[in-house]
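Starting from 1, each residue takes its place in the sequence as its number.
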Amino acid sequence: MQRTFAILTLTATALIMTVLAACTSAPPTATPDIPATVEVAMPTPTPDIQAMVDAGVQEALAAMSTATPTPLPTPPPTPEPSATAAPTPTATPTPTPTATPLPTLTPTPTATPLPTPTPTPSLATIVEQVKAGVVRIDTFYSGGTGFIFDTTDQGGALILTNYHVIADAWAITVLVNDSDTYQATVLGYDEYRDLAVLEICCGDFHALSMSEPSEIKAGTEVMAIGYPLNIEGSSTVTKGIASAYRYSDSYHSWVVQTDASINPGSSGGPLIDSTGTVIGVNTFVIGRKHGMEAEGLGFAISQQSIDEVLSSLKQGARYQLPTPTPTLTPTPVPVQWWTYTNRSFRYSIGVPRGWITDDSDKSFVSFDSQDSAAFVTVSSYNWQADLESWADQFIDKYRKSSGSIFEIGIRDIEQKADGSGVGFIRIFGRASLFSCHIQAKVLMVTTRSRSYAISGVICDSSIEKYSETVNSILFEKFKPY
């Protein structure tokens with residue numbers, strides 16, 4: 001259809017061009033024809049060119065519509081080229097795409113609720129929890145403390161205390177909960193470590209928890225519970241810290257040093273931490289050394305050393321200190337003496353050179369050997385004493401202050417009618433204040449206006465070394481005036 005329309009358009013265009021050419025072509029020059037010139041001079045209507053064109057177009061269209069169209073020659077088909085087998089290209093392996101790892105999504109953390117802090121129990125709460133396991137121990141000679149650490153299937157209780165609290169006692173009374181009294185028997189003891197295990201029966205007993213053997217760090221908060229000076233009523237609580245952890249040759253034990261007050265009568269009581277767990281057995285204090293007073297030097301046998309022997313003590317083991325083997329008395333070295341005079345209380349006393357003197361309190365003067373194995377004290381009073389009653393008071397006070405008195409060996413008093421007199425007391429024991437077995441001799445002197453107590457104390461291990469010197473100080477070198 002498009003092809004036919006193009007042919008018609010070309011034909012119409014040609015026709016229009018022919019007509020326009022005819023109208024514009026000039027005729028050839030000819031001999032003038034007068035009539036014709038006259039005729040030409042007459043006005044001739046102007047031909048309607050557009051009408052002529054339209055008419056020619058119409059004729060051409062009419063002729064085209066009636067004429068049989070001459071078929072256009074069919075062009076021969078273009079031969080398709082023979083398919084030449086194209087070489088099969090070697091397939092280039094498609095690279096396996098590397099999977100791009102998806103970014104790990106960081107989960108939004110679920111808000112963990114903060115744990116509610118467990119309130120630290122107060123001191124009063126801890127004491128209330130443990131006091132039922134702390135017991136008072138009484139013997140004929142002394143008083144002390146212990147604590148229940150285990151119970152038996154038969155309804156009994158096992159008590160741990162210091163050996164010096166119950167040593168040589170023929171009857172031991174235990175007070176539980178400050179109300180119930182029991183007679184105790186000794187299962188086992190260790191004189192080296194100053195430990196003893198007792199048994200009582202029968203009742204509803206509360207055993208205290210004991211810590212695992214481990215080194216105690218300095219600064220740990222601790223409390224000591226006991227019955228100091230055998231005061232009537234409930235137990236006494238003192239608080240402090242663990243000051244140090246050290247080994248004691250005298251007690252063959254690791255000990256916890258503490259500034260919590262440990263007084264005579266508290267021996268054998270528990271040293272506990274802030275959880276109410278027992279970490280040691282309160283055993284001794286050092287109140288003076290080389291003539292110098294000390295404070296805050298208390299010591300407890302640690303759980304580490306307790307565990308070494310506790311099982312065997314429960315089974316009845318008894319570890320005793322060896323009896324000293326007599327040795328040849330060495331040739332004594334002459335003592336160099338000097339004389340100390342106390343003008344406030346009017347006496348003089350001979351003292352070995354090299355001994356340390358402390359007279360900061362003129363009413364109580366001390367002289368200590370350089371190795372602290374012996375010392376002499378002079379207590380002075382500006383009054384006249386009745387030696388009999390004074391001896392009773394002195395022995396009772398000495399028993400309480402030293403922790404345990406084993407035996408009053410000699411008590412000899414001579415008092416004159418004028419009030420003057422001399423008394424002598426010899427004591428054997430283990431005083432926790434001095435960290436050793438001791439022998440003490442006390443000379444009591446009263447004049448018409450004053451009284452004096454001269455005490456000489458020697459550790460058993462140094463008896464041979466200092467016995468003669470101390471006797472000389474007491475019975476020869478002291479002179480009131």
Side-chain angles (χ1 to χ4, degrees), residues 264 285-294 332-381 385 387 390-391 393-395 397-399 401-403 405 408-413 421-447 450-481:
V285 297
I286 297 177
R288 59 184 296 113
K289 190 169 186 179
H290 297 315
M292 295 178 287
E293 299 291 336
V333 177
V335 177
Q336 301 295 317
W337 299 90
W338 70 282
T339 301
Y340 170 83
T341 301
N342 189 322
R343 300 188 183 281
S344 298
F345 289 91
R346 301 177 65 83
Y347 71 86
S348 65
I349 187 170
V351 184
R353 292 191 182 277
W355 281 36
I356 301 165
T357 302
D358 179 5
D359 65 346
S360 55
D361 179 357
K362 299 297 182 181
S363 67
F364 184 86
V365 181
S366 67
F367 308 94
D368 288 60
S369 65
Q370 290 181 321
D371 59 4
S372 297
F375 64 87
V376 174
T377 62
V378 181
S379 303
S380 307
Y381 312 92
L387 287 180
W390 190 20
Q393 295 173 12
F394 188 88
I395 291 171
K397 181 180 179 180
Y398 200 91
R399 174 183 291 120
S401 66
S402 62
I405 300 303
I408 306 299
I410 301 174
R411 173 177 166 148
D412 186 14
I413 295 174
V422 176
F424 175 73
I425 304 170
R426 185 174 181 180
I427 302 169
F428 300 92
R430 179 169 189 165
S432 61
L433 286 173
F434 313 126
S435 307
C436 65
H437 286 84
I438 64 167
Q439 289 189 27
K441 299 176 180 180
V442 182
L443 177 68
M444 309 179 76
V445 178
T446 182
T447 67
R450 292 178 176 81
S451 297
Y452 307 92
I454 306 94
S455 301
V457 179
I458 309 172
C459 287
D460 272 351
S461 57
S462 300
I463 289 294
E464 294 291 337
K465 182 177 181 180
Y466 289 113
S467 181
E468 184 176 341
T469 300
V470 170
N471 286 341
S472 180
I473 294 173
L474 267 61
F475 303 118
E476 299 175 13
K477 303 296 183 179
F478 178 78
K479 306 291 183 183
Y481 60 90

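Side-chain contact check for I425 versus K441: every heavy-atom pair is 4.5 Å or farther apart. The shortest side-chain heavy-atom distance between V378 and Y347 falls under the 4.5 Å cut-off. The shortest side-chain heavy-atom distance between V442 and F424 does not fall under the 4.5 Å cut-off. Proximity of S379 to M444: side-chain heavy atoms (C-beta onward) are nowhere separated by under 4.5 Å.
Taken to the nearest 0.5 Å, the CG atom of D359 stands 8.5 Å off from the OG atom of S366. The structure places OG of S369 at 7.0 Å from NZ of K465, a figure rounded to the nearest 0.5 Å. The OG atom of S455 sits 9.0 Å away from the CG atom of L443 when rounded to the nearest 0.5 Å. Taking CH2 of W337 as the start and CD of E476 as the end, the distance is 8.0 Å to the nearest 0.5 Å. To the nearest 0.5 Å, atom OH of residue Y340 and atom CD1 of residue I349 are 10.0 Å apart. To the nearest 0.5 angstrom, R346 atom CZ is 12.5 Å from S380 atom OG.
Nearest heavy atoms, F345 versus K362: CD1-O, 3.5 Å. Across every non-hydrogen atom of D361 and V365, the tightest pair is O-CG2, 3.8 Å. For Y466 against A373, the heavy-atom pair with the smallest separation is CE1-CB, 4.0 Å. Considering all non-hydrogen atoms of both residues, I458 and A374 come closest at CG1-CB, 4.2 Å. Nearest heavy-atom pair across G456 and V376 is CA-CG2, 4.2 Å. Residues Q370 and G354 approach most closely at CG-O, 3.1 Å, considering heavy atoms.
Applying ring pair (Phe, Tyr, Trp, His ring centres under 6.0 Å) to Y452 and the options Y481, F478, Y381, W390 leaves one that passes, F478.
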Point to revise | Candidate pair W355 and T469, rule side-chain contact (heavy atoms from CB on, under 4.5 Å), full reasoning | key: CA-CA 12 Å; W355 281 36; T469 300; 4.3 Å; yes
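Between the side chains of T341 and S348, no donor N or O sits under 3.5 Å from an acceptor N or O.
A distance-only check finds no donor-acceptor pair linking the side chain of N471 to the backbone of I473 [under 3.5 Å].
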